[in-house]
Amino acid sequence: MIDLKLLQRDFDTVKKSLLLKKVDPTLLDELQQKAQELKLSKQTYEELQAEQNSLSKLFGQFKRDGKDTDELKEQIESLKSRVTDAQHNMRVADEALSSLASTVPNIPDESVKAGDSEDDNTLLKHVLEPTEFNFTPKEHWELAEQSGWIDFERGVKIAKSRFAILRHDAAKLERALINFMLDFVHSRGFDEVSVPYIVNEHALFGTGNLPKFEDDLFKIDGEKLYLIPTAEVPLTNLYQNEILRSDELPIKLAAHTSCFRKEAGSAGRDTRGIIRQHQFHKVELVSITTAQQSAEVFEQMLDCASDILTALKLPHRLMKLCGGDLGFSASYTVDIEVWLPGQGCYREISSISNTKEFQARRAKIRYKDNGKNHLAHTLNGSSLAIGRTIVAIMENYQDSSGNIAIPEVLKPYMK
RNA sequence: GGACAGAUGGCAGAGCUGGUUGAAUGCACUGGUCUUGAAAACCAGCGAGGGUCAUACCUCCCAGGGUUCGAAUCCCUGUCUGUCCGCCA
């Protein structure tokens with residue numbers, strides 16, 4: 001949720017920065033107007049409440065003193081309909097405001113550049129140069145066919161399209177990667193957590209997935225429950241509606257989970273291979289920090305993800321997202337893209353975001369500092385998406401006959 | 001899935017025969033006195049959100065309705081938790 005007070009105080013700046021995210025400017029005008037309406041209707045309602053309260057108190061006194069209460073009762077009675085009306089007005093205004101406000105994305109950080117799409121993202125750095133091959137490297141699905149690592153047909157048979165089965169060393173490699181990554185992030189101070197794969201709508205509201213992106217989620221039929229699209233949802237909401245001590249922060253968490261996404265709206269994209277599946281494994285990092293800590297923790301998370309790729313000797317690059325490519329909850333985001341020699345391009349394998357107060361305001365995550373309560377900052381990042389890491393290993397570690405080597409750091413995990 | 005019990009501030013736990021109870025008490029926490037320092041003891045403070053320059057003032061005792069001049073307290077509905085039974089990795 002964006003800061004409505006800030007919107008009131010400095011409308012033009014908020015409007016300007018949200019235009020970077022392609023927010024409809026009339027929506028912001030409306031938002032400001034609704035905020036004002038709520039304020040006024042609340043004021044009148046509270047004044048009437050105060051009057052009612054004091055009369056009721058008087059009523060009690062009259063009764064105790066044995067005085068006649070008829071006149072007082074009449075007075076309260078005539079007030080009543082005005083109170084009911086005022087309450088109604090206030091509620092209507094409140095509902096209008098919150099339903100509108102919950103669909104407005106986070107305000108981009110000052111450092112975020114304007115741009116329409118991923119083509120306008122800024123290259124921060126390259127890590128490792130793309131490997132040279134003295135043959136034409138194959139794409140991972142071709143390699144999968146030869147090695148029998150991925151069974152696409154039977155995945156579709158038992159579920160539907162965009163589900164695949166990993167077999168033989170690929171299944172082992174998946175498990176090795178999960179364990180390797182969890183050990184790695186643990187060495188960087190992230191505490192491992194095992195979380196539910198099913199969450200309620202309240203949690204999804206907290207991270208910003210609901211109400212706007214329900215179509216991306218698998219919902220459990222007949223229940224108000226959903227499969228998680230990422231471990232960010234359970235991890236961040238662990239502290240929903242809590243007031244933490246500032247000396248507990250930063251809280252740095254990691255979890256491996258499966259992630260479930262409908263991939264609505266990406267029909268026809270990445271239909272070959274396992275780049276885009278309905279279910280995939282991911283090791284996710286989430287941090288809860290004070291306002292002062294979040295920028296530094298962001299860098300730690302970014303380094304962590306990048307260093308995992310470096311340890312796996314996978315060439316990659318860091319891209320700072322432009323306003324148009326930024327997600328709903330993010331204030332700023334750096335994507336890590338891994339080099340896929342078979343496809344001959346870089347593909348997203350991790351995304352690290354600082355949402356600052358945006359999710360904390362929705363999920364009511366606060367911390368107490370010097371006796372005062374503040375909204376926390378929340379950050380999330382993949383380290384990494386397992387399926388895409390398998391793709392990257394397949395394409396980068398292939399030889400001319402289509403065999404795939406195992407990265408050195410994973411060998412202890414592949415016994 | 002069936003039966004019963006419960007849901008109060010960071011935690012524990014009163015209040016629940018309706019009116020100075022936004023809430024006793026204990027613990028935790030914060031500040032102070034004392035001490036070389038710490039502990040103990042003593043004194044003071046200490047729920048959250050909104051509103052205001054600051055006060056006033058408003059809201060919140062799981063959620064949503066209702067009764068009443070007035071509800072943490074009474075009634076209804078829902079959710080969740082616990083215990084027992086059933087089922088089960």
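Chain identifiers are assigned alphabetically (A, B, ...) following the order of the sequence lines, protein sequences preceding nucleic acid strands; residue numbering begins at 1 within each chain. Hydrogens, waters and symmetry mates play no part in the numbers below; they use all other heavy atoms, side chains included.
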Kindly give the atom pairs (protein nitrogen or oxygen, nucleotide nitrogen or oxygen) under 3.5 Å for nucleotides 52-54 of chain B.
| from | atom 1 | to | atom 2 | distance (Å) |
| --- | --- | --- | --- | --- |
| U52(B) | OP1 | K39(A) | NZ | 3.3 |

- Message: Among residues at least two apart in sequence or on other chains, which ones pass ring pair (Phe, Tyr, Trp, His ring centres under 6.0 Å) with H281(A)?
- Response: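 Checked H281(A) against ring pair (Phe, Tyr, Trp, His ring centres under 6.0 Å); matches are H256(A).
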- Query: What residues, two or more places apart in sequence or in another chain, satisfy ring pair (Phe, Tyr, Trp, His ring centres under 6.0 Å) together with F163(A)?
  - Reply: H278(A)
Give every pair of a protein N or O atom and an N or O atom of nucleotides 65-67 of chain B that lie under 3.5 Å apart, one pair per line with the distance.
| from | atom 1 | to | atom 2 | distance (Å) |
| --- | --- | --- | --- | --- |
| G65(B) | OP1 | R91(A) | NH1 | 3.0 |

- For R82(A), all residues meeting side-chain contact (heavy atoms from CB on, under 4.5 Å), sequence neighbours excluded: L48(A), L79(A)
- Item | Residues which pass side-chain contact (heavy atoms from CB on, under 4.5 Å) with R245(A), listed by chain and number, not counting sequence neighbours |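 Here the qualifying residues are D247(A), E248(A).
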Anything under 3.5 Å between a protein N or O and an N or O of nucleotides 27-32 of chain B, put it in a table, one pair a line.
none

Anything under 3.5 Å between a protein N or O and an N or O of nucleotides 74-81 of chain B, put it in a table, one pair a line.
none

- Item | salt bridge (Lys or Arg N to Asp or Glu O under 4.0 Å) against R261(A), all qualifying residues, sequence neighbours excluded |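 Result, salt bridge (Lys or Arg N to Asp or Glu O under 4.0 Å) vs R261(A): none returned.
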- Message: Could you work out, with salt bridge (Lys or Arg N to Asp or Glu O under 4.0 Å) as the rule, every residue matching E37(A), not counting sequence neighbours?
- Response: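 Counting only residues at least two positions away or on another chain, E37(A) forms no salt bridge (Lys or Arg N to Asp or Glu O under 4.0 Å).
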Could you list the donor-acceptor pairs under 3.5 angstrom formed by side chains in residues 96-109 of chain A, with sequence neighbours left out?
| from | atom 1 | to | atom 2 | distance (Å) |
| --- | --- | --- | --- | --- |
| S98(A) | OG | D94(A) | O | 2.7 |
| S99(A) | OG | E95(A) | O | 3.3 |
| S99(A) | OG | A96(A) | O | 3.4 |
| S102(A) | OG | S98(A) | O | 3.2 |
| S102(A) | OG | S99(A) | O | 3.1 |
| T103(A) | OG1 | L100(A) | O | 2.8 |
| N106(A) | ND2 | S329(A) | O | 3.0 |
| N106(A) | ND2 | T355(A) | O | 3.1 |
| D109(A) | OD1 | K356(A) | NZ | 2.5 |
| D109(A) | OD2 | S111(A) | N | 3.0 |
| D109(A) | OD2 | S111(A) | OG | 2.6 |

- Message: Just the rounded figure in Å: distance from P of A63(B) to NZ of K224(A).
- Response: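 Result: 16 Å.
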- Query: What is the distance, rounded to the nearest whole Å, between atom NZ of K372(A) and atom P of G47(B)?
  - Reply: 15 Å
- Query: What does nucleotides 55-62 of chain B look like as a protein-contact string, B for base, S for sugar-phosphate only, - for none, at under 4.0 angstrom between heavy atoms?
  - Reply: --SBS---
